[in-house]
Peer 1: 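Take a look at the following structure, please.
Scope of the values below: all heavy atoms of this structure, side chains included, with no hydrogens, waters or symmetry mates. By convention here, the first residue in the shown sequence is residue 1.
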Amino acid sequence: MKQERSKVKSDILLRVRLLYVLFILAGAIVLARLVWVQLFSAEVAYNADRLASRIFTEEVIPAQRGSILSRDGEPLATSIFRYQAAFDFASPGLDSLKTFREQADSLAKLLAAFFRDKPPSAYPNLPREAPPRRYRLVNPRDTSYLRSEGWISRMMDRMRGEEYVKRRIYDTIRDHTPVNIFPREVDFAEWETLRRYPLLNWNMGMVYRLIERDERIYPQGELARRTIGLTGDKGNYGIEEAYREELAGRDGKALRQRIARGFYGRVAGGDHEDPVDGFDIVTTLDLDLQDVADKALRRQLEAQNALWGTTIVMEVHTGEILAMVNLGRNADGSFAERENYALGRSMEPGSTFKLATMLTLLDDARMPVSTVYDTHNGDPVTVGPARNIRDSHRGDREIDFRRAVASSSNVYFAKAIWDRYGSTGRKQEYSDFLHKELHLGQTVGLERLGERKPSVTTDWKVPDPGVMLVKMSYGYRVRLAPIQMITFYNAIANGGKMISPVLVRELRRGDRVEERFESRTIASSIASRAALREVQQCLQAVCTEGTASAFFRDTTRLRVAAKTGTAQITDARSREGRYYLGSMVAYFPADAPRYTVLTTIETRAQAGKAYYGGPLAGPVVKRMVDYIFNRGRDWYGRVDDGGPRRYPDRMKGGDIAQVRRVADRLSPRASFESRTGWGRVTVDSLSNVVITSLPGDRGVMPDVRGMGLKDALFVLESRGLKVRFSGRGAVTQQSITAGARIAPGTAVVITLK
């Protein structure tokens, strides 16, 4: 009996020990698994990353692209944020259909009144019909739940046998695809109004996500488009492309945590980096001059049925480009900024290149200006190995240097260059002077914006070096872009100092200038003072008695120095007809130059149309010279401050407050019946201004005589009248007598003079 008890006890101990061992083994296995999971397993880290990516996301905060501005700060290209509300119509916040429909009806009416794109009766369809289509109920089943909460109420329900209540429940399948509810994107000012509307003001929860987009706009339309540039699917060019990094800035980032589908909140203390907006680029362009140049060039291209043209206006002493217009013909015959011809078209310039020949002959060859050559009255002649050299005009035979420049004689310069560089074997010295002294073989510093390298030979190992030399003397066998040609002429205007043109003035961030760009000196002087002085006089003679005299012969008002050029283009199109490049470069005033203007136009020979440089490009240059001179009042004789004071003998009527402000500055005294409103103005014999208020009765015809057109139209149309007008200036007559009774819709005719 005692032995059986011992055996039972031993069995129990053995079992306990086995259990201990099993527990220890299980613990060891769990511990080993934990160590493996924490230190060695890639699967756990992968799953953790997946889970974290669903909860947290790193959002890129885009930097705002910098603006491109004119020299006066007017925007040429800028970015604005556009907004769209993407609604989640399956959001649980909208499950209260009764409340939602009330809010949706109000929102629809407000949106219809705001956007005015459809009648209010059609607008509610989207918000009211969207939620039922965005979620559905499936898997219906019954469930029981306690009728009451408290234990006493439960005892009472149990006594009545109504402790539990049955109700049918469903599973909900929701489509959270966002729906844009605005018919178009809105700007910030519009969004500030819309965000106060029902649903948009979060009165039913976070049921939509606001989508922001940075949109690039060009407030000046096509004006200077090839210079300003464009980025995106339609191409990358101009300042937009050249200064892409400076304009783009640096994007920021923020860690956000998911709140609901499509909605994230910023995580406090996360790894955030604020965006750095791009620099604003201030150009040297003058919007006023750019607009005038665009219109003048466009008008001339249309009148001459030309192919393309470019006009550049440069400030002499600073090298700043005030206008750069590039217009090319579209397939429909209209003209648009298709290509930057000013920088990217390197072509044979024709006679405008004779300026280089003139300086070479005077400065390097030391040729006297009294040298005479027979130009053979425009008949073709042979110069060295080159045949069929002729002038485009007749009447000249033996002429000197100055007459050759004025008449743009090809024969004269061909003979002069051949005698000094061809027959003497000094071709290399000729090209060296063009490169080393005149700097015509190099770009002028706008490579970043697409400037093409010029082509002026230094290698005379060609089949016809003599012919090349002769042709180069009057602008063939060399290729320059218009920007290089105007830089060359600007050096003459600048007393021989050649400076690089400047198109981008500075980089700004807000009101702070981060980097300023100025012209660099390419050469302190490209020629001797004597040669420069002679050339400047010859260029003035071109305007008084030469190929530009049709435009600038009158020197009593303004003296201009200029040179015209015409080059026949030889390329694959030559079989279809004759194509020409006509140019004119001018600087003014000739005695103290401030501006240099170039116009280059390519055209095809057509009956009744111009193709020589003077009549082809001259009208545009003439228009720019006149406009710049007329707006530069500091060039005119100034009015002496001394002497008796002068008062105006008449003033226009209009807004009384504005009239009073003017009268206080210009007249000895102003009398008036009211300080505000609209009034008619008379000036008495003592130069006192008398302002008579117009009647406030909208049914009475006002007296608008003496008003400007803008003010008269506002006053009359505000009373419901239909106005027709003729003339310009101030109103002198009105078809309805002042004080007569009028009715809305009545026609009235006003005459201005």
Side-chain angles (χ1 to χ4, degrees), residues 68-72 74 76 218-229 238-239 283-304 306-316 318-329 334-345 352 446 449 481-483 485-487 489-490 493 501-503 505 548 551-552 558 560 562 564 581-588 593-603 613-632:
I68 301 176
L69 310 172
S70 71
R71 66 193 293 117
D72 298 324
E74 291 294 323
L76 303 173
Y218 300 89
Q220 309 303 327
E222 288 296 313
L223 201 65
R225 173 50 60 86
R226 294 306 303 193
T227 304
I228 299 167
I239 295 174
T283 70
T284 60
L285 295 178
D286 184 313
L287 267 185
D288 194 18
L289 288 184
Q290 183 75 26
D291 183 55
V292 173
D294 183 278
K295 288 182 171 62
L297 181 61
R298 190 182 301 272
R299 188 181 304 116
Q300 182 68 356
L301 292 173
E302 292 171 349
Q304 300 299 330
L307 300 178
W308 62 264
T310 181
T311 293
I312 310 172
V313 180
M314 181 184 290
E315 209 166 46
V316 169
T318 64
E320 292 191 348
I321 298 174
L322 306 183
M324 182 183 287
V325 182
N326 298 280
L327 295 176
R329 179 182 289 277
S334 62
F335 289 92
E337 294 246 350
R338 296 170 49 85
E339 178 184 335
N340 198 324
Y341 304 103
L343 304 181
R345 279 293 178 102
T352 52
L446 296 180
L449 292 167
I483 190 64
M485 185 58 71
I486 193 174
T487 301
Y489 274 80
N490 195 72
V502 179
L503 186 57
R505 176 184 281 182
F551 305 99
F552 303 113
L558 176 68
V560 179
T564 62
L581 192 73
S583 304
M584 178 183 283
V585 194
Y587 63 81
F588 65 98
R594 294 175 61 177
Y595 300 97
T596 307
V597 182
L598 172 144
T599 292
T600 296
I601 295 175
E602 181 182 334
T603 190
L616 188 62
V620 182
V621 176
K622 169 70 171 174
R623 169 62 175 152
M624 296 310 301
V625 170
D626 287 346
Y627 184 82
I628 295 172
F629 178 76
N630 288 330
R631 84 166 188 171

Peer 1: Applying side chain to side chain donor-acceptor pair (under 3.5 Å), can you list everything that pairs with Thr564, at least two apart in sequence or on another chain?
Peer 2: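 Partners of Thr564 by the side chain to side chain donor-acceptor pair (under 3.5 Å) criterion, ordered by chain and then number, come out as Thr547.
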Peer 1: Would you mind reporting whether Gln290 and Gln220 have side-chain heavy atoms less than 4.5 Å apart?
Peer 2: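 Side-chain contact under 4.5 Å: no.
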Peer 1: Quick one, Met624 and Leu289 - any side-chain contact, counting heavy atoms below 4.5 Å?
Peer 2: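 The answer is yes, as the side chains (C-beta and beyond) meet within the 4.5 Å cut-off.
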Peer 1: Side-chain contact test, heavy atoms from C-beta onward, threshold under 4.5 Å: evaluate it for Val560 versus Lys622 and give yes or no.
Peer 2: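 A side-chain contact is absent here, since even the closest heavy-atom pair is not under 4.5 Å.
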Peer 1: Find out whether Phe335 and Leu297 are in side-chain contact, i.e. whether some heavy atom of one side chain is under 4.5 Å from a heavy atom of the other.
Peer 2: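 Sidechains of Leu297 and Phe335: no contact.
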Peer 1: How close do Ala224 and Leu285 get, heavy atom to heavy atom, and via which atoms?
Peer 2: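 Nearest heavy atoms, Ala224 then Leu285: CB-CD1, 4.1 Å.
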Peer 1: Nearest 0.5 angstrom please: Ile601 CD1 to Leu616 CG, how far?
Peer 2: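 CG of Leu616 is found 4.5 Å from CD1 of Ile601.
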Peer 1: How many angstroms lie between CD in Glu602 and CG in Leu581, if you round to the nearest 0.5 Å?
Peer 2: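 It is 6.5 Å, given to the nearest 0.5 Å.
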Peer 1: Under the side chain to side chain contact (heavy atoms under 4.5 Å, CB included) criterion, do Thr284 and Arg505 qualify, and how do the steps go?
Peer 2: CA-CA 6 Å; Thr284 60; Arg505 176 184 281 182; 4.0 Å; yes
Peer 1: How far apart are the closest heavy atoms of Ala296 and Val620, and which atoms are they?
Peer 2: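 Residues Ala296 and Val620, closest heavy atoms: O-CG2, 3.8 Å.
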Peer 1: Mind listing the closest non-hydrogen atom pair of Ala293 and Ala323 along with its distance?
Peer 2: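 Where Ala293 meets Ala323 most closely, the heavy atoms are CB-CB, 4.4 Å.
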Peer 1: Got a donor-acceptor contact below 3.5 angstrom from the Tyr341 side chain to the Pro482 backbone?
Peer 2: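 A pair under 3.5 Å: no.
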Peer 1: Between the main-chain N or O of Asn490 and the side-chain N or O of Thr596, is there a donor-acceptor pair closer than 3.5 Å?
Peer 2: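 Not a single qualifying donor-acceptor pair exists.
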Peer 1: For the residue pair Met324 and Leu343, establish whether any side-chain heavy-atom pair is separated by less than 4.5 Å.
Peer 2: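 Yes, their side chains come closer than 4.5 Å.
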Peer 1: Taking only residues two or more places apart in sequence or in another chain, which ones pass salt bridge (Lys or Arg N to Asp or Glu O under 4.0 Å) with Asp288?
Peer 2: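 Asp288 satisfies salt bridge (Lys or Arg N to Asp or Glu O under 4.0 Å) with Arg631 once adjacent residues are dropped.
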Peer 1: Could you pull out all residues at least two apart from Arg71 that satisfy salt bridge (Lys or Arg N to Asp or Glu O under 4.0 Å)?
Peer 2: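 Arg71 satisfies salt bridge (Lys or Arg N to Asp or Glu O under 4.0 Å) with Glu320 only.
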Peer 1: State, with a plain yes or no, whether a side-chain heavy atom of Glu315 is found less than 4.5 Å away from one of Tyr595.
Peer 2: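 They are in contact (side-chain heavy atoms under 4.5 Å apart), so the answer is yes.
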Peer 1: Please walk me through it: do Tyr489 and Leu598 pass side chain to side chain contact (heavy atoms under 4.5 Å, CB included)?
Peer 2: CA-CA 9 Å; Tyr489 274 80; Leu598 172 144; over 6 Å; no
Peer 1: Check whether any side-chain heavy atom of Leu223 sits under 4.5 Å from a side-chain heavy atom of Leu76, and report yes or no.
Peer 2: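 Heavy-atom side-chain distance check fails, nothing below 4.5 Å.
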Peer 1: To the nearest 0.5 angstrom, please state how far the CG atom of Asp294 sits from the CZ atom of Arg299.
Peer 2: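 CZ of Arg299 is found 10.0 Å from CG of Asp294.
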Peer 1: With sequence neighbours excluded, tell me which residues meet side chain to side chain donor-acceptor pair (under 3.5 Å) with Gln300.
Peer 2: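 Expected list: none.
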Peer 1: Using only atom types and a distance under 3.5 Å, with no angle test, would you say the side chain of Thr310 pairs donor to acceptor with the backbone of Val325?
Peer 2: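 Flag set: sc Thr310 to bb Val325 pair under 3.5 Å.
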Peer 1: Quick one: side chain to side chain donor-acceptor pair (under 3.5 Å) partners of Thr603, sequence neighbours excluded?
Peer 2: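 Thr603: no side chain to side chain donor-acceptor pair (under 3.5 Å) contacts found.
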Peer 1: Name all residues meeting the ring-ring contact (aromatic ring centres under 6.0 Å, His included) criterion together with Phe551; count only those two or more places apart in sequence or in a different chain, and write none if there are none.
Peer 2: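 Checked Phe551 against ring-ring contact (aromatic ring centres under 6.0 Å, His included); zero matches.
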Peer 1: Can you see which heavy atom on Trp308 is nearest to which on Gly328, and at what distance?
Peer 2: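 Closest heavy-atom pair between Trp308 and Gly328: CB-CA, 3.9 Å.
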Peer 1: Is the side chain of Arg329 donor-acceptor paired with the backbone N or O of Ala306 at a distance under 3.5 Å, no angle test?
Peer 2: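 Checking the backbone N and O of Ala306 against the side chain of Arg329, a donor-acceptor pair under 3.5 Å is found.
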Peer 1: Rounded to the nearest 0.5 Å, what's the gap from CZ on Arg338 to CZ on Arg226? Could you check?
Peer 2: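 Reported value, rounded in 0.5 Å steps: 9.0 Å.
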Peer 1: Minimum heavy-atom separation for Ala548 to Ala562, with atom names?
Peer 2: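 Shortest heavy-atom contact: CB-CB, 4.5 Å.
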Peer 1: Answer whether the closest heavy-atom distance between the side chains of Ile486 and Ile321 falls below 4.5 Å.
Peer 2: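 Ile486 does not reach Ile321 side chain to side chain.
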Peer 1: For a quick test of reading the model, state the closest non-hydrogen atom pair linking Ala342 to Ile312 and the distance between them.
Peer 2: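 Minimum heavy-atom separation between Ala342 and Ile312: CB-CD1, 3.7 Å.
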Peer 1: Look up atom CG in Leu327 and atom CZ in Arg225, then write down how far apart they are to the nearest 0.5 Å.
Peer 2: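 Going from CG on Leu327 over to CZ on Arg225, the span is 13.0 Å.
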